[in-house]
Amino acid sequence: MQSPTITLAAGLRLPTNGLDYAILAIYFVVVLGIGFAARRSVKTSLDFFLSGRSLPAWVTGLAFVAANLGATEILGMAANGAQYGVYTVHWYWIGAIPAMVFLGLVMMPFYYSSKVRSVPEFLLHRFGPSSHLLSSIIFAVSSVLIAGVNLYAMALVLQALLGWPQWLAIVIAGLFVLAYITIGGLSSAIYNEVLQFFVILAALIPLTIVGLKRVGGWDGISDSLSHSHGDSFMTAWQGTGIGSSNPLGANWLTIVLGLGFVMSFGYWTTNFAEVQRALSAKNLSAAKRTPLIAAFPKILIPMVVVIPGLIALVMEPSLGKGGADGLQYNDAIPVLMRDLLPNGVLGIAVTGLLAAFMAGMAANISSFNTVFTNDIWGAYLKKNQSDAYYLKTGRVVTAVGVVIGMGTAFIAGSFSNIMNYLQTLFSFFNVPLFVVFIIGMFWKRTTPAAGFWGLLSGTVAAMVNYFWFYKQGVIDIPSDQGANFVSSIVAFVVGAVVMFVVTMVTKSKPAEELAGLVYGTKSPGMDEPPAEGDDAWYRKPALLGWGAIVLAVICYIPFSF
């Protein structure tokens, strides 16, 4: 089925005044100031692409979660809350936390100790040039596509709320992201992401509190939506039996395997926009703790993203129904901003939205410039150049990535829910990469040829399932999200089978070349002792990781029945 164009209702114009614009202007000045401050530390390409591997865990941890807290999280998850109800918490507590813990405890030691500058470079060491080049191209394409999502969503919001022309909003935001990354490299992006994390919370927390008060608290939401949408709308697991129907269009098996394992692990463990933050940490202990520290705020994000989506549905029952007011699910957050916030606070909320879009775009542009410069340009087109040459190239590629992101922004226009679009991209690109990583990391026998063909076949299989079997109606899947879960499972299974078959008929790498690349082997960097203070009991990665898992399970309890 063809999804309608993503739009925001024309009647959402906000009553902004000079105070709101002053707050927005101050934010832009601070962002550029951080970029110029970070410039002093950029002397080599390693400084530009990975902050010289010098940042503390708390900074990289907050940047890790902020990089994910972009347009998809703010508009997309609020839209999911309004469209799918409490089922949306699955994207956090089963669709993020286990994978983030796995990344920190299991995969970061391999990434960090191998001293790679990117995720594709790890595949170069494990499988060879063919898998490296293919994965680099996939990363580059997916990065600019996802950056475009943030630009497009931000342009729609500013057009609807402030009256800015769409093209102007795209150009202004793109130029600011270009400026502070080009000036200060990854350090500028990361420190701005830390700032943006707190600005986003400063926008969403008042919105949630005021909204809860307006609708009578959680009891008011539950009573209203249970009456209008059924009791299961306010639970996480009711109606997810195989053969049962629910708004999500998925059952417990596709939720657990498609979202909780394949799609989630595929995204969090291979997405370089996230992993890059951990690679910039000052030592192995800090790198392992980066996604684990990020897991704790991630657990609580539904309280300020999903709940506002539910509040908006109570206040505006016409959301997503195509009524005379034209309100879509993507309008959930803007509706609350329009109806609940006074000037000044409204300026903070608009700034918070803008910060979210810029954080999401910056994360993907900084990963794009690293992968393209090091893994495509430097590895295959211009080898053995000076470090200064690659530093200059990285800055030029940043500009190219922003321009391409502006162009890809409008591809998001074919989806009515931007989270559906993002999940489609993840099933195409991240899941096949995860298959190759997980099998190659745990099965020493896996051959270089198997890595290439597993990655290619998994990507093609996901696309065939989505565009042919689902879009052409060959199989009946109730929703885009359900189709994405199925595409993820198909990509994983096809990629795994192909890797097994190809491994059986091709030659594997010598064991001595796999040290530090396969589970059960070690490189010298893996024995790095914790720095002074990192061995404190409350900083132990295992405690942080299992603590996050337990907290996520506890969060499910109130919404399970």
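The analysis underlying the following values was restricted to heavy atoms, covering all of them including side chains, and did not include hydrogens, waters or symmetry mates. Bear in mind the structure is a predicted one, so any value in this text is a computation, not a measurement. The chain is numbered in sequence order, starting from 1.
- In this structure, K288 NZ and K540 NZ are separated by 10.0 Å, a value rounded to the nearest 0.5 Å.
- Between the side chains of T290 and T60, a donor-acceptor pair is found at a separation under 3.5 Å.
- Counting heavy atoms from C-beta on, the side chains of P432 and L455 come closer than 4.5 Å.
- T447 and T506 form a side-chain donor-acceptor contact under 3.5 Å, judged by distance and modelled atom types alone.
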Checking side chain to side chain contact (heavy atoms under 4.5 Å, CB included) for the pair L425/I146: CA distance, chi angles, key distance, verdict? CA-CA 8 Å; L425 294 181; I146 296 171; 3.9 Å; yes
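- Remark: the S367 side chain and the R277 side chain contain no N/O donor-acceptor pair separated by less than 3.5 Å.
- Note that OG1 of T459 is 7.5 Å distant from CZ of F429, once rounded to the nearest 0.5 Å.
- Once rounded to the nearest 0.5 Å, the distance linking CG of L124 with OG of S118 reads 9.0 Å.
- Residues F197 and P297 share a closest heavy-atom pair of CZ-CB, 3.9 Å.
- The shortest side-chain heavy-atom distance between L433 and S135 falls under the 4.5 Å cut-off.
- Surrounding CZ of F36 are at most 12 heavy atoms belonging to other residues, nucleotides or ligands under 6.0 Å away.
- Between A147 and I365, the closest heavy-atom pair is CB-CD1, 4.0 Å.
- Contact between F368 and S143 at its shortest, heavy atoms only, is CB-CB, 3.9 Å.
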Report the C-alpha separation of L517 and M441 in whole Å, then their side-chain angles, then the decisive distance to 0.1 Å, and conclude whether the side chain to side chain contact (heavy atoms under 4.5 Å, CB included) test is met. CA-CA 6 Å; L517 302 173; M441 189 172 286; over 6 Å; no
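- A donor atom on one side chain and an acceptor atom on the other are found under 3.5 Å apart for Q196 and Y27.
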The test is side chain to side chain contact (heavy atoms under 4.5 Å, CB included); show your working for Y111 and V119 and say whether it passes. CA-CA 8 Å; Y111 282 143; V119 171; 4.0 Å; yes
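- The closest side-chain heavy-atom distance from T446 to K509 is not below 4.5 Å.
- Expressed to the nearest 0.5 Å, how far CG of L123 lies from OG of S130 amounts to 10.0 Å.
- Residues passing the ring pair (Phe, Tyr, Trp, His ring centres under 6.0 Å) test with F102, sequence neighbours excluded: F265.
- With sequence neighbours left out, F428 forms a ring pair (Phe, Tyr, Trp, His ring centres under 6.0 Å) with Y466, F467.
- Nearest heavy-atom pair across P541 and R289 is CG-CG, 4.1 Å.
- Between the side chains of N384 and Y389, not a single donor N or O lies within less than 3.5 Å of an accepting N or O.
- Taking OG of S508 as the reference point, atom CH2 of W443 lies at 9.5 Å (rounded to 0.5 Å).
- A 4.5 Å side-chain heavy-atom check between D375 and F139 finds every atom pair outside the cut-off.
- Inspection of the N369 and T398 side chains reveals an N or O donor paired with an N or O acceptor under 3.5 Å.
- Remark: Y380 engages H132 in a ring pair (Phe, Tyr, Trp, His ring centres under 6.0 Å) (not counting sequence neighbours).
- Using modelled atom types, one side-chain atom of S264 and one backbone atom of G95 make a donor-acceptor pair closer than 3.5 Å.
- Separation of atoms OG1 (T270) and CE (M107) is listed at 7.5 Å; rounding is to 0.5 Å.
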Assess the residue pair M263 and N430 against the criterion (side chain to side chain contact (heavy atoms under 4.5 Å, CB included)); give the C-alpha distance rounded to whole Å, side-chain angles, the decisive distance to 0.1 Å, and a yes or no. CA-CA 7 Å; M263 187 176 287; N430 292 91; over 6 Å; no
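- The closest side-chain heavy-atom distance from F198 to L62 is below 4.5 Å.
- Side chains of V106 and Y519 form a contact here, defined as non-hydrogen atoms less than 4.5 Å apart.
- Contact check for F296 versus L544: side-chain heavy atoms found under the 4.5 Å cut-off.
- At distances below 3.5 Å, at least one donor-acceptor pair connects side-chain atoms of Q385 with backbone N or O atoms of K383.
- Classification of the F64-W268 ring pair by plane angle, with boundaries at 30° and 60°, yields parallel.
- No hydrogens or angles considered: a donor-acceptor pair under 3.5 Å links the side chains of Q276 and T370.
- A distance below 6.0 Å separates the ring centres of F122 and F437.
- Here the shortest heavy-atom pairing between L514 and K444 reads CD1-CG, 3.4 Å.
- Shown here for A287 and A281, the closest heavy-atom pair between the two residues is N-CB, 3.5 Å.
- S131 places no side-chain N or O within donor-acceptor distance of the main-chain N or O of G128, the cut-off being under 3.5 Å.
- The shortest side-chain heavy-atom distance between V305 and Y92 falls under the 4.5 Å cut-off.
- The aromatic rings of F434 and F261 lie perpendicular to each other, with more than 60° between the two planes, well past the 30° mark.
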